[in-house]
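To keep things clear, I will list the structure first and then write my remarks on it.
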Amino acid sequence: MSEINFVSSAVQGDIVEIGMDIIKFGKTSLILNCEVRNKLTRKTIIKVENITMVNLDKNGKPTPHGKTQIEYVKNRLELPEN
């Protein structure tokens, strides 16, 4: 993970949202960017430029994840039309 940049403050009672974007699909890993924002003002609170997530097998060794594009949960839950 890269450095965590605290851009602005949040106060008790603020509603925050966490946004993640995939920057790169590797064979066994994904590189993500993350931004935490105030839900009402959309003001950025925290930014993390690079988060590397690695798919591991049961022995803790990197293993291919098979992903090449973003999948949304809503698309995975949609029923096919007859």
Verify, without hydrogens or angle tests, whether [X] (side chain) and [Y] (backbone) share a donor-acceptor contact under 3.5 angstrom.
X	Y	result
D57	N59	yes
N55	T63	yes
N5	V7	no

Does one hydrophobic cluster hold both [X] and [Y], with members joined at side-chain heavy-atom distances below 4.5 Å?
X	Y	answer
M20	V16	yes
I4	I18	yes
F6	V36	yes

Within this structure, what is the [atom1]-[atom2] distance for the pair [X] and [Y], rounded to the nearest 0.5 Å?
X	Y	atom1	atom2	answer
K27	H65	NZ	NE2	10.5 Å
N50	E3	CG	CD	8.5 Å
I46	R37	CD1	CZ	12.0 Å

Closest heavy-atom contact between [X] and [Y]?
X	Y	result
K43	S8	CE-CB, 3.7 Å
S2	V48	OG-CG1, 3.9 Å
R42	K39	CD-O, 3.9 Å
L30	F25	CD2-CD2, 3.3 Å

**Request:** With the side chain counted from C-beta on, respond yes when P62 and L56 share a heavy-atom pair under 4.5 Å apart, and no when they do not.
**Result:** yes
**Request:** Could you pull out all residues at least two apart from M53 that satisfy side-chain contact (heavy atoms from CB on, under 4.5 Å)?
**Result:** L32, I51
